[in-house]
Amino acid sequence: MDPITTFSGKTVALPIANIDTDQITPALFTKVTVKTGLGRILFAHWRYQGDFVPKPEFPLNRPGAQGATVLVSGDNFGCGSSREHAPWALVDYGFRAIISTSFADIFRGNALKNGLLPIVVDAAAHAEALKIAEQHETVSVDLPNQTLTLPGCGSVKFPIDAFSKKCLVEGIDQLGYIMKHEQAVSAFERATNSEES
Amino acid sequence: MVAPKTLFEKIWDAHVVASEPDCPVVLYIDLHLIHEMTSPQAFSGLRARGLRVRRPDRTVATVDHIIPTLNRAQAEIPPSTAELVRQIEKNCSDFGVALHGVSSESQGIVHVIGPELGLTQPGMTIVCGDSHTSTHGAFGALAFGIGTSEVEHVLATQCLLQRRPKTFEVKVDGSLPRGVTAKDLVLAIIARLGIGGATEHVLEYRGEAVRALSMDERMTVCNMSIEAGARAGMIAPDETTFAWLRGRRFAPKSFDAFRDLKSDDGARFDRTLEIDASRLEPMITYGTNPGMGMPISGVVPAETSKQALDYMGLKAGQRMLGQSIDVVFIGSCTNSRISDLRSAASVLKGRRVKARVLVVPGSLPIKRQAEEEGLDRVFREAGCEWREPGCSMCIALNGDELAEGQYCVSTSNRNFEGRQGKGGRTLLASPLTAAASAIEGRVADARQYL
């Protein structure tokens, strides 16, 4: 996973609340054994008509939205199933951050493990971000300082837990972190009589 | 004096392996369930790092999401999904994991067979790459869904990095009226909370109406905790729990250790919701997420979004009773257990259906039990299709799916756009409501058939 520190990106708006993972990556297209190449099926039911023919009215298909890397969505983004195909597809499509007023728990964790930054802002900043994203303007993200800069509206702080931030900024692998506790895990198993029999 | 703790806190605290400042805790996982859809990339990750499965004896696999439900002996797994089956078979074989696979007598939906085999036990931490892992909370376990990266973490270390969720008491007093089921109760709770209403929380269902539920019913309730955004849902174990588990293949021999496994008097929850069970009605959903549910005698709320109404082909203010339907699905990890099948059969017995009806048992043992009781004959004689176990039309990955525009009364857990097939319209309800609606070919109130 590439470290994330600061970046700027073109925005696109999907002002719909409760976008579930069945919309982000319809189950039918998740019958795969790899993590790659899923950008094509991102929002497939909304994005295409017939056999992968783009629907011109869908926001991601507008000419101005091409190359967007920051998605501004409605509240509770990523609810529903635990499928990690959702962040895999968003990242493969090119997204680096999603701005919303809230995220579903499992999606949020999955996104952070794939270098996709969930940015939570309050309703006022969200309304501004949506306006900006309708025009596909560029926003800037400074993860070390936890700020999102919206053109014409200044900067807003966004929350992220210290550990997730450190992992993203330094490109730390979470499995490696757990494995450093191997001795504690073995001690836990001995103490709770849960060793392999 | 020790501060009173909630059930969640007791289990969480007993599983913390390590806790460092500014870091999530390293949480020990007692049982890891896996299936074919969300595990291949995790095993690939292990191979790439040269790691083994740390505790194959705590890892159990099944094939459920993509498995055909037509006559299994003759059914071919289509090429598009055969690779998923091939990989889980090879992965389990290479890494020494027990697989209740395509040809196993214990095959079934992962959240049905875990309890059925007695693998699911009170006080455990249980995870699976599937959001409906919350089902296992019915036994007083802390059980939650995880992504594939976390599946890899648990395979490699038997641990997960977790931030402590908040606690949420759902207190249900009174008793459920006749014809109002556990499914109606949980749909009512989700309608109250909204689809994101319990995000970052673990629900504990309590109160006399919860204590009165059977294990099958408790599983139905806990199963749908995720549909309110909750991290998990749980119910303290009691004699009902122990009696259900006793004698099962992997069940504990003694339950004495679990008798104090409940929230202490005076334990504090971050939030509380109180529900009076006696005021509930059968529920049905009208929209495109499980929070969009209403009493079956009601009308589609005025504030329903245009997108949901357009997708569902419904109008605000209209009644759902009498809405014409095309398909009925009785199955899924929410409602495919023997009591669900008995409940649907009690309505269907001696009657004929006016819709396409799929009845899909949750596991092979449930299928056998139903056949022993003659339920399969009741379903067949009513004109239903009696299928092999699997997730089937809950997620529509195996060919069991709706056609564009079709309405389906479904006992499953999600009514998201396209969930049961592109353009399909799902109305979530109980097995009783599903059966009554099947008979009439339109949304019906089952209470007139009881």
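All values derive from a computational prediction rather than experimental measurement. Proteins come first, then strands; the chains are lettered A, B, ... in the order of their sequence lines, and each starts at number 1.
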Fill in: Mutual orientation of the aromatic rings belonging to B:Phe168 and B:His201 [parallel < 30°, tilted 30-60°, perpendicular > 60°]
perpendicular
Chain B contact via [X] - which portion, at a heavy-atom distance below 4.5 Å:
{"X": "A:Phe107", "answer": "neither"}
{"X": "A:Leu175", "answer": "both"}
{"X": "A:Thr36", "answer": "neither"}
{"X": "A:Phe163", "answer": "both"}
{"X": "A:Gln174", "answer": "both"}
{"X": "A:Val34", "answer": "backbone"}
{"X": "A:Asp105", "answer": "both"}

Chain A: which of [options] shares the most heavy-atom pairs with it under 4.5 Å?
{"options": "B:Glu227, B:Glu83, B:Glu401, B:Gln307", "answer": "B:Gln307"}
{"options": "B:Met37, B:Arg419, B:Arg414", "answer": "B:Arg414"}
{"options": "B:Asp130, B:Thr38, B:Ile195, B:Asn413", "answer": "B:Ile195"}
{"options": "B:Leu51, B:Leu397, B:Asp22", "answer": "B:Leu397"}
{"options": "B:Pro40, B:Ser44, B:Pro290, B:Ser149", "answer": "B:Ser149"}
{"options": "B:Ile66, B:Leu160, B:Leu84", "answer": "B:Leu84"}

Worksheet item: Hey, does A:Tyr177 have a side-chain heavy atom less than 4.5 Å from the side chain of B:Cys23?
Response: yes
Discussion item. A side-chain contact here means heavy atoms from C-beta on lying under 4.5 Å apart; do B:Val63 and B:Ile88 qualify?
Written reply: yes
By a 4.5 Å heavy-atom criterion (distance strictly below it), what part of [X] contacts chain A: side chain, backbone, both, or neither?
{"X": "B:Gln87", "answer": "side chain"}
{"X": "B:Arg231", "answer": "both"}
{"X": "B:Glu36", "answer": "neither"}
{"X": "B:Ile226", "answer": "side chain"}
{"X": "B:Arg163", "answer": "side chain"}
{"X": "B:Val151", "answer": "neither"}

Euclidean distance, [Y] [atom2] relative to [X] [atom1], rounded to 0.5 Å:
{"X": "B:Cys333", "Y": "B:Asp64", "atom1": "SG", "atom2": "CG", "answer": "8.5 Å"}
{"X": "B:Ser131", "Y": "B:His111", "atom1": "OG", "atom2": "NE2", "answer": "7.0 Å"}
{"X": "B:Leu33", "Y": "B:Leu31", "atom1": "CG", "atom2": "CG", "answer": "4.0 Å"}
{"X": "A:Trp88", "Y": "A:Asn110", "atom1": "CH2", "atom2": "CG", "answer": "8.5 Å"}

Of the listed residues ([options]), which shares the most heavy-atom pairs with chain B below a 4.5 Å separation?
{"options": "A:Pro26, A:Ala27, A:Gly80, A:Ala184", "answer": "A:Gly80"}
{"options": "A:Asp75, A:Thr33, A:Asn114", "answer": "A:Thr33"}
{"options": "A:Thr21, A:Leu28, A:Ile106", "answer": "A:Ile106"}
{"options": "A:Glu182, A:Glu84, A:Lys113", "answer": "A:Glu84"}

Discussion item. I'd like to know if the side chain of B:Asn289 reaches the main chain of B:Gly291, judged simply by a donor and an acceptor atom lying under 3.5 Å from each other, with no hydrogens or angles considered.
Written reply: yes
Discussion item. Under a 4.0 Å threshold between the charged nitrogen and the carboxylate oxygen, would A:Glu189 count as salt-bridged to B:Arg54?
Written reply: yes
Worksheet item: Salt bridge between B:Glu152 and B:Arg49, side-chain N to carboxylate O under 4.0 Å?
Response: yes
Practice prompt. Would you please say whether a donor-acceptor pair under 3.5 Å links the side chains of A:Asp161 and A:Ser164?
Written response: yes
Discussion item. Pair A:Phe52, A:Phe29 - check ring pair (Phe, Tyr, Trp, His ring centres under 6.0 Å), show working.
Written reply: CA-CA 12 Å; A:Phe52 289 91; A:Phe29 302 112; 5.7 Å; yes
Discussion item. Do B:Arg52 and B:Phe95 form a cation-pi contact, if we require the NZ or CZ to be under 6.0 Å from the six-membered ring centre and within 45 degrees of the ring's axis?
Written reply: no
Response to the item:
side-chain contact (heavy atoms from CB on, under 4.5 Å) test vs B:Ile11 passes for just one of B:Val202, B:Asp30, B:Thr125, B:Leu27, namely B:Thr125
